Each structure stands twice: as C-alpha cells, then as structure tokens.
Amino acid sequence: MESRGSVKPFVHFNAKQDAELLYKAMKGLGTDEDTILMLLTSRSNDQRQEIKAAYKKSHGKDLVKDLKSELGGKLEDLILALMAPPASYDANELHKAIKGAGTEDKVLIEILASRTPEEMREIIKAYKKDHGSKLEKDIMDDTSGHYQRMLVILLQATREEGVDEAAVEKDAQDLYSAGEKKVGTDEDKFVNILGNRSIEHLRKVFEAYKKVAGHDIEDSIKRECTGNLEKVLLAVAKCVKSVPAYFAESLGDSMSGMGTDDETLIRIMVSRSEVDMLDIRAHFQRKYRKSLHTTILEDTAGDYQKSLLYLCGGTD
C-alpha cells in the first residue's frame with residue numbers, strides 16, 4: 001500500500017554523512033538549528049535510527065542527548081519526538097499521561113482509539129521494555145468504570161474480523177435500544193459493540209443506526225454518555241468513520257481559540273507524518289476551509305514553526 005505520509009524515506013540516504021552534518025551543526029559555539037531541523041524532518045524514522053547509530057559509532061556520543069543539550073523549548077520537544085521509534089514514542093506519551101499529576105485522558109483516548117491492532121501490540125511491548133510495567137495494569141490503576149472497560153478492550157486490539165451482515169441491523173437496533181429508546185443508558189452495550197466489532201462492520205452499523213435513529217451515532221453518544229466515556233466512544237466512532245478526519249479535527253482543536261495545545265500538535269504531526277498526513281491535510285482543508293499549512297503558519301513561530309511546516313509537507 002502506498003504511504004500517505006508527507007515524510008518519505010530520503011532517497012540518497014547516507015547515515016554516516018547525516019551524522020557528520022548533525023555533529024558539525026552542534027559543535028563549537030552556537031547551534032545551527034536550520035541544518036538540524038531540515039535534515040531530521042526529511043528522513044524517515046527508520047533512517048533517523050540509523051543516523052543515531054552512525055553518530056554513536058563515529059563520535060562515541062548519544063545523538064539524542066546532544067540534541068537535548070543544544071535545543072530548547074518546543075523545538076526540542078518536537079525534534080526529540082522525531083528521534084524516538086513510533087512504538088516507543090506512543091508508549092512514552094501514554095506513560096507521561098498516566099504517571100504525571102492527574103491523568104491526561106486526552107492522550108490515552110487519542111492513542112488507543114486511533115492505532116491499528118499491530119501498532120497497539122508494538123506499543124504494549126515498548127511500554128514494558130521502556131517503563132518496566134504493564135500498560136494495562138497502569139491504565140487500570142488510573143481509571144475506572146465503563147471508561148476503564150473501554151480502554152482495556154481497545155488495548156486488547158482483538159477486534160472481530162470482517163462484516164457479519166446478519167448482525168448489522170441487530171447491532172444498530174441494540175445501540176438504539178441501549179440509548180435513545182430508554183430512560184438512562186446501557187453503557188455496556190455501547191462499550192461492547194464499539195470496542196469489539198470490526199471497523200468495516202461498525203461502518204455499516206453506523207449507517208443502519210442513522211436510519212433507525214434519524215441522526216448520527218455521535219449525536220446519540222453526546223446525549224447518552226458523559227465525561228471520559230463519552231470522549232472515548234466519540235473518538236472511536238470518529239476513527240471508525242475516518243482516522244485522518246479524526247486527526248484533522250484534533251489538529252483544528254489544538255490551534256483554535258487562545259493559545260495553542262502544542263503537546264497535541266507535536267504528537268499528531270510527528271506520529272502521522274509517515275502514515276496519513278496527506279489525507280489529514282485534505283480533510284483539514286475540507287473542514288476548516290483553509291489549509292493546515294496556513295493554520296500552522298498563523299499559530300506558531302520560529303524554528304518550531306519551520307519544523308512543523310516541513311512535517312506538514314506543503315500547502316493545499
């Protein structure tokens with residue numbers, strides 16, 4: 001399958017040469033930020049790992065530590081995010097979200113709702129390796145109720161396969177009966193159906209639901225659920241319909257109103273740059289009637305802005 005990322009492997013790649021360029025950019029007085037950000041945003045993650053190894057071999061130093069000591073602020077956050085392998089990066093974001101003061105539920109929801117089963121398995125492995133504990137246990141210690149159940153189901157990454165045509169109507173009817181049709185809500189039904197059915201199957205269920213209920217599943221979730229359960233079910237429903245559209249909306253939210261949610265902005269730009277950034281850009285343009293490129297330009301500044309624009313990969 002052709003990648004829909006804005007960052008592709010660099011064609012005439014030479015890890016040793018890149019390592020030298022980075023070493024020179026950081027050696028002596030002052031740092032050549034331009035070289036660092038132009039180079040690292042135009043290499044794939046696999047290539048960045050090779051540069052890391054070549055840097056250590058040539059200079060006996062840790063490239064990530066050197067970058068950390070030379071850069072600062074949001075640019076540092078972004079460049080260090082680019083240097084981590086994707087599964088380790090996600091695992092680390094989850095660890096920070098759970099282990100910090102209070103739980104950053106937004107991060108848990110975003111990652112667990114949007115990653116593929118294969119990615120989820122890699123994240124669980126990386127979490128154990130890097131943080132010495134089990135992701136599932138840490139999430140269970142930090143959450144409760146139906147919200148916790150939904151996160152744990154998503155963590156299993158064991159959605160059913162294919163579409164069960166016979167069950168589409170029944171699932172739609174069950175969701176309707178669990179919510180709109182009764183007083184109070186049967187949250188278990190929502191959790192079980194949205195957590196376990198295949199993506200293709202859920203798309204059909206949502207179409208059937210719209211016919212039964214007269215509106216979208218998201219409208220019902222907003223009416224029937226509250227708090228983090230509402231947020232995670234909404235995220236899953238949006239990702240079922242389109243992961244790039246979900247991220248386009250999250251990026252829009254991160255840059256709307258006063259101030260910018262830089263953590264979310266960095267996380268999405270980095271983690272989707274090799275996956276579906278081109279599709280995210282198209283959805284962003286459609287939803288907000290202006291390009292992601294223009295929005296980043298208006299909302300950020302300096303070398304940080306430059307790096308984000310390189311990851312965005314052009315205007316629409």
Side-chain angles (χ1 to χ4, degrees), residues 87-160 171 174-175 177-180 182-199 201-202 205-206 217-241 243 246-247 249-250 253 261 263-264 267-268 271:
S88 287
Y89 178 62
D90 279 348
N92 198 43
E93 288 292 292
L94 290 167
H95 188 257
K96 274 194 320 206
I98 298 167
K99 292 299 175 195
T103 308
E104 265 294 351
D105 292 291
K106 186 163 148 185
V107 179
L108 297 186
I109 291 167
E110 178 197 297
I111 294 176
L112 268 59
S114 64
R115 301 305 188 251
T116 65
E118 187 47 48
E119 287 166 342
M120 214 54 248
R121 287 189 278 275
E122 291 300 317
I123 292 166
I124 290 168
K125 263 193 272 189
Y127 191 93
K128 182 94 174 89
K129 181 171 160 275
D130 299 344
H131 304 289
S133 58
K134 280 188 147 166
L135 178 54
E136 184 175 322
K137 183 188 179 303
D138 287 354
I139 285 178
M140 287 193 71
D141 288 347
D142 237 43
T143 56
S144 61
H146 290 99
Y147 170 55
Q148 178 196 68
R149 274 201 54 220
M150 187 65 184
L151 292 178
V152 171
I153 288 175
L154 292 173
L155 209 49
Q156 306 311 308
T158 49
R159 285 191 178 279
E160 297 154 9
D171 281 347
D174 281 353
L175 286 171
S177 304
E180 296 280 332
K182 63 186 289 231
V183 181
T185 308
D186 176 359
E187 286 96 350
D188 278 339
K189 236 347 156 222
F190 278 87
V191 167
N192 286 335
I193 294 176
L194 268 67
N196 289 308
R197 304 288 190 268
S198 76
I199 300 297
H201 180 86
L202 283 172
V205 171
F206 293 170
I217 186 80
E218 287 101 315
D219 298 326
S220 293
I221 292 170
K222 282 178 199 158
R223 268 205 286 261
E224 296 299 318
C225 305
T226 56
N228 286 324
L229 177 65
E230 176 194 348
K231 289 183 188 131
V232 70
L233 291 174
L234 272 180
V236 169
K238 285 172 183 172
C239 285
V240 163
K241 290 184 176 179
V243 170
Y246 167 72
F247 280 118
E249 189 181 330
S250 300
D253 290 345
D261 174 359
E263 286 182 1
T264 299
R267 192 172 52 250
I268 297 176
S271 61

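The basis for the numbers below is simple: all heavy atoms, side chains too, and nothing from hydrogens, waters or symmetry mates. Not measured: the values here are computed from a predicted model. Index from 1, following the sequence.
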Inset, instruction - Please say which of Thr158, Leu155, Asp90 ends up in a side-chain contact (heavy atoms from CB on, under 4.5 Å) with Met120. - result: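 For Met120, the side-chain contact (heavy atoms from CB on, under 4.5 Å) test succeeds with only one of Thr158, Leu155, Asp90, which is Leu155.
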Legend entry - Stepwise side-chain contact (heavy atoms from CB on, under 4.5 Å) check, Leu234 with Ile109: CA-CA 10 Å; Leu234 272 180; Ile109 291 167; over 6 Å; no
Heavy-atom side-chain proximity of [X] to [Y] below 4.5 angstrom:
X	Y	answer
Leu233	Glu224	no
Leu154	Arg159	yes
Arg115	Ser271	yes
Leu202	Ile193	yes
Phe190	Ile217	yes
Asp138	Leu94	no

Taking all non-hydrogen atoms of both residues, which atom of [X] and which atom of [Y] are closest, and how far apart?
X	Y	answer
Met150	Val232	CG-CG1, 3.8 Å
His95	Tyr127	CD2-OH, 3.3 Å
Ile139	Thr143	O-OG1, 2.7 Å

Inset, instruction - Take Ile153 and Asn196 through the side-chain contact (heavy atoms from CB on, under 4.5 Å) test and state the conclusion after the steps. - result: CA-CA 7 Å; Ile153 288 175; Asn196 289 308; 3.5 Å; yes
When rounded to the nearest 0.5 angstrom, what distance separates [atom1] in [X] from [atom2] in [Y]?
X	Y	atom1	atom2	value
Lys137	Lys128	NZ	NZ	11.0 Å
Leu194	Cys239	CG	SG	11.0 Å
Lys106	Lys231	NZ	NZ	9.5 Å
Leu151	Leu108	CG	CG	6.0 Å
Ile123	Glu118	CD1	CD	10.5 Å
Leu175	Phe206	CG	CZ	7.5 Å

Distance-only donor-acceptor pairs under 3.5 Å for side chains of residues 98-105, two or more places apart:
unit_1: Thr103; atom_1: OG1; unit_2: Asp142; atom_2: OD2; d: 2.5
unit_1: Asp105; atom_1: OD1; unit_2: Tyr147; atom_2: OH; d: 2.7
unit_1: Asp105; atom_1: OD2; unit_2: Asn228; atom_2: ND2; d: 3.2

Legend entry - Partners passing side-chain hydrogen bond (donor to acceptor under 3.5 Å, both in side chains) against Ser220 (at least two apart in sequence or in another chain):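 side-chain hydrogen bond (donor to acceptor under 3.5 Å, both in side chains) list for Ser220, sorted by chain: Glu180, Tyr209, His215.
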Legend entry - Stepwise side-chain contact (heavy atoms from CB on, under 4.5 Å) check, Arg267 with Val107: CA-CA 9 Å; Arg267 192 172 52 250; Val107 179; 3.6 Å; yes
Inset, instruction - May I have the step-by-step check of side-chain contact (heavy atoms from CB on, under 4.5 Å) for Glu160 and His201, ending in yes or no? - result: CA-CA 9 Å; Glu160 297 154 9; His201 180 86; 5.6 Å; no
Inset, instruction - Please indicate whether Glu263 has more than 12 foreign heavy atoms, meaning atoms of other residues, nucleotides or ligands, lying under 6.0 Å from its CD. - result: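 Not more than 12 within 6.0 Å, no.
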Inset, instruction - Determine the sole option in Arg223, Lys238, Lys241 for which the side-chain hydrogen bond (donor to acceptor under 3.5 Å, both in side chains) test with Glu218 is passed. - result: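 Of the listed residues Arg223, Lys238, Lys241, the side-chain hydrogen bond (donor to acceptor under 3.5 Å, both in side chains) partner of Glu218 is Lys241.
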Legend entry - Among Arg197, Arg149, Glu187, the one residue meeting side-chain hydrogen bond (donor to acceptor under 3.5 Å, both in side chains) with Asn192: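 With Asn192 as partner, Arg197, Arg149, Glu187 yield a single side-chain hydrogen bond (donor to acceptor under 3.5 Å, both in side chains), made by Arg149.
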